[in-house]
Structure formats: C-alpha cells, structure tokens
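Below you'll find the structure, written out as structure tokens, and then a few comments.
Keep in mind it's a predicted model, so treat the numbers as computed, not measured. Atom set for the values below is all heavy atoms of this structure, side chains included, hydrogens, waters and symmetry mates excluded.
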Amino acid sequence: MSKKAYTVKEISRLSGVSVRTLHYYDEMGLLKPAYLGESGYRFYFEEQLLLLQQILFFKELELDLKQIKKLMNQNQFDQAAALKSHKKTIKLNIQRMKKLINTIDKTVKHIKGEEKMSEFEIYAGFSREKQKEYESYIKEQYGPKSKALFDECKKNTSSWSSGDWKKYKSESETVNAELAKLLREKFAPSSEEVQKKIHAHYHLIKQMYLPSKEVYIGLGDLYKNHSDFNTYFSKFHPDLADFLSKAMKVYANRNL
C-alpha cells in the first residue's frame, strides 16, 4: 500500500465525512489515524481510507456505529469478504430501486387515469419490511403451510412475461369493477350475481396458487383488515374490501 499520508481535512474532502465526525470516529475507537504529527494533527494512510470506506458501506446498510465497531474490531474481519457481501446487497437494492422506479411510473399513469394498477403492483418494489409484513400476516394465519403457498406462487409465475402480468392485471381490475358495480346496486354477497364474479376471482388466484378453503377466507380477511388493501379497493368502492371478504367467505364455504 502507498504510504502517502493524508491530513484529516484531506480525508474529509475525499470522503465527504466532516472533520468533526472523523474526530469522533477516532475518539470512539472506530477509525484511528495512522499516527499523530506535531501538535497532535491526525494523519491517515491508504489503509485508513479503506477502513473508512467500510464504515460508509456499513452505514449505507443502516448499521449503527456500535454495530460497525463490533464487526470491524473482530480478529477475523476480512475486508475483501465484506466488500463482496456489500456488492451482493447493493445489487439487490439496485433491483429493488428499479422496481420502485417502475412502480412510480405506473402510479403516475394510475393517478392520471391512464392505466389502473392491481393490488399487487401498487406495492411492487417496496421495502422488505412491507413485504415481510404481508408474509407475517399470512404466516400467522396458516403457519408452516404458508411457505408452500409462497413457493407455489413463485413457481407458477416465474415464467410470466410482461404481457402475462398485464393480462392478469386487466382481468383483476375487471372483476373488481364488476363487483363494485354490484355493490352499488345493493346485491348481497351471497347473491348468484356476486358469486359468479367471485368464481372468476377465485380462478384468477388459482393462476398463482391453489387456495384451500381457509386460505381463500384468509385472503379475504387480509383485504378487509389491512389498510393497504383497503386503500386499493376503495378506488373502486369505499366498501369493496369488506364486501369482497364476505363474498369470498360465502364462496369458500359453498365450494371449497
């Protein structure tokens, strides 16, 4: 490694980390300078520059300073292995950001009335926390069986093209719009007219996974009880989520 020495001001300029923060990193033992010069001035070598890079990577991954210090002070800390791990995580984040950009574009069209979004597309690309929230709800309902549902859905949709997804979205929106129309016309969830539309809804879900009686009822509960889905269905009718949930329960009890 080069033994060129950098002052704390030079490190600050190169990294964008303030001098005050670099002083703090030194005080807490997170990033010590290579040596102290006259009058106590801090000097850094390339080794410290790379360690600061690691700190910044860990901060991007939302680790706090105590966690970072603990990781970097391990005897077996491997910078190259850490960088490979950062690269993998960043690639996953890039993919997620691309999905978010696509979701933004679709949402703009949705707001303008140019193109409606399905409930699945509205949250495409959002945080892992949001997806875990939905998965946790399902796991609470069905326990270990939920993994099989996720695996089946992934398998059945893995080969879908953008055209397949557009077709699915269009059919879902049609069913939602028709159910909203029946709701406005005061048809009961158990009525023959409504149950025909629920039959179409059930077969749409079957394209992704085969829902059992309890799973289909649970999906209706998710529509009714989760604010995100309530918001989506309210675009068709303010009470559609509750209406859909009741109608799905009738269908499940009669047919599944």
Side-chain angles (χ1 to χ4, degrees), residues 106 110 115-124 126 130-256:
K106 287 186 175 183
H110 179 83
E115 179 179 332
K116 271 195 171 293
M117 301 172 75
S118 73
E119 59 265 40
F120 304 102
E121 291 179 300
I122 289 176
Y123 302 106
F126 273 101
K130 178 64 71 176
Q131 298 197 22
K132 284 180 180 177
E133 181 183 333
Y134 297 149
E135 290 183 12
S136 293
Y137 183 94
I138 293 171
K139 286 176 181 175
E140 286 176 9
Q141 298 288 319
Y142 316 119
K145 291 184 286 185
S146 61
K147 184 181 185 302
L149 287 178
F150 294 128
D151 291 344
E152 184 181 356
C153 184
K154 185 177 180 181
K155 178 182 178 182
N156 290 342
T157 61
S158 61
S159 62
W160 283 18
S161 66
S162 59
D164 293 327
W165 282 107
K166 284 183 179 179
K167 181 174 181 291
Y168 186 91
K169 181 186 74 170
S170 176
E171 291 173 354
S172 297
E173 289 168 356
T174 297
V175 170
N176 289 333
E178 289 172 345
L179 282 166
K181 181 174 182 291
L182 292 172
L183 174 56
R184 285 191 294 271
E185 293 172 355
K186 309 297 184 184
F187 281 89
S190 59
S191 67
E192 181 181 351
E193 292 82 359
V194 170
Q195 288 300 303
K196 283 182 179 179
K197 302 305 176 186
I198 295 298
H199 182 71
H201 178 271
Y202 175 78
H203 281 274
L204 279 171
I205 300 300
K206 275 182 63 177
Q207 293 180 38
M208 292 189 169
Y209 59 87
L210 181 61
S212 65
K213 176 180 177 179
E214 63 173 342
V215 167
Y216 196 57
I217 291 173
L219 180 61
D221 288 341
L222 177 63
Y223 291 163
K224 178 179 69 173
N225 296 326
H226 202 292
S227 61
D228 291 340
F229 288 98
N230 257 283
T231 300
Y232 168 71
F233 286 114
S234 68
K235 297 179 185 297
F236 297 92
H237 188 285
D239 300 320
L240 181 59
D242 182 62
F243 183 78
L244 183 54
S245 176
K246 290 175 180 176
M248 289 168 68
K249 187 172 183 178
V250 171
Y251 182 89
N253 286 326
R254 287 179 180 176
N255 301 287
L256 302 182

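For the residue pair S190 and Q195, the shortest heavy atom distance occurs at O-CG, 3.8 Å. Listed here is the closest heavy atom pair of H237 and A180: CB-CB, 4.0 Å. Closest heavy-atom contact between V175 and A200: CG2-CB, 4.1 Å. Of all the heavy atoms in V194 and A188, the pair that sits closest is CG2-O, 3.3 Å.
At least one donor-acceptor pair closer than 3.5 Å links the side chain of S172 to the backbone N or O of Y168. Judged by distance alone, with hydrogens and angles left aside, the side-chain atoms of S245 form no donor-acceptor pair with the main-chain N or O of A241 at under 3.5 Å.
Between Y216 and Y202, the ring planes are perpendicular. Angles over 60° get that label, and only those under 30° would be called parallel.
The distance from atom CZ of F233 to atom CG of D242, rounded to the nearest 0.5 Å, is 12.0 Å. The CD1 atom of I205 sits 6.5 Å away from the CE atom of M248 when rounded to the nearest 0.5 Å. Rounding to the nearest 0.5 angstrom, the gap separating the NZ atom in K224 from the CG atom in L244 is 11.0 Å. Note that the CZ atom of F236 and the CG atom of N176 stand 4.5 Å from one another [nearest 0.5 Å]. Considering CG of L204 and NZ of K169, their distance stands at 14.0 Å, rounded to 0.5 Å.
Salt bridge absent: K197 and E193 never bring a charged side-chain N and a carboxylate O closer than 4.0 Å.
Exactly one of Q207, K206, M208 qualifies for a side-chain contact (heavy atoms from CB on, under 4.5 Å) with L210. That residue is K206.
No side-chain heavy atom of K246 sits under 4.5 Å from any side-chain heavy atom of K249.
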Might you work through the side-chain contact (heavy atoms from CB on, under 4.5 Å) test for I198 and L179, ending with a clear yes or no?
CA-CA 8 Å; I198 295 298; L179 282 166; 4.0 Å; yes
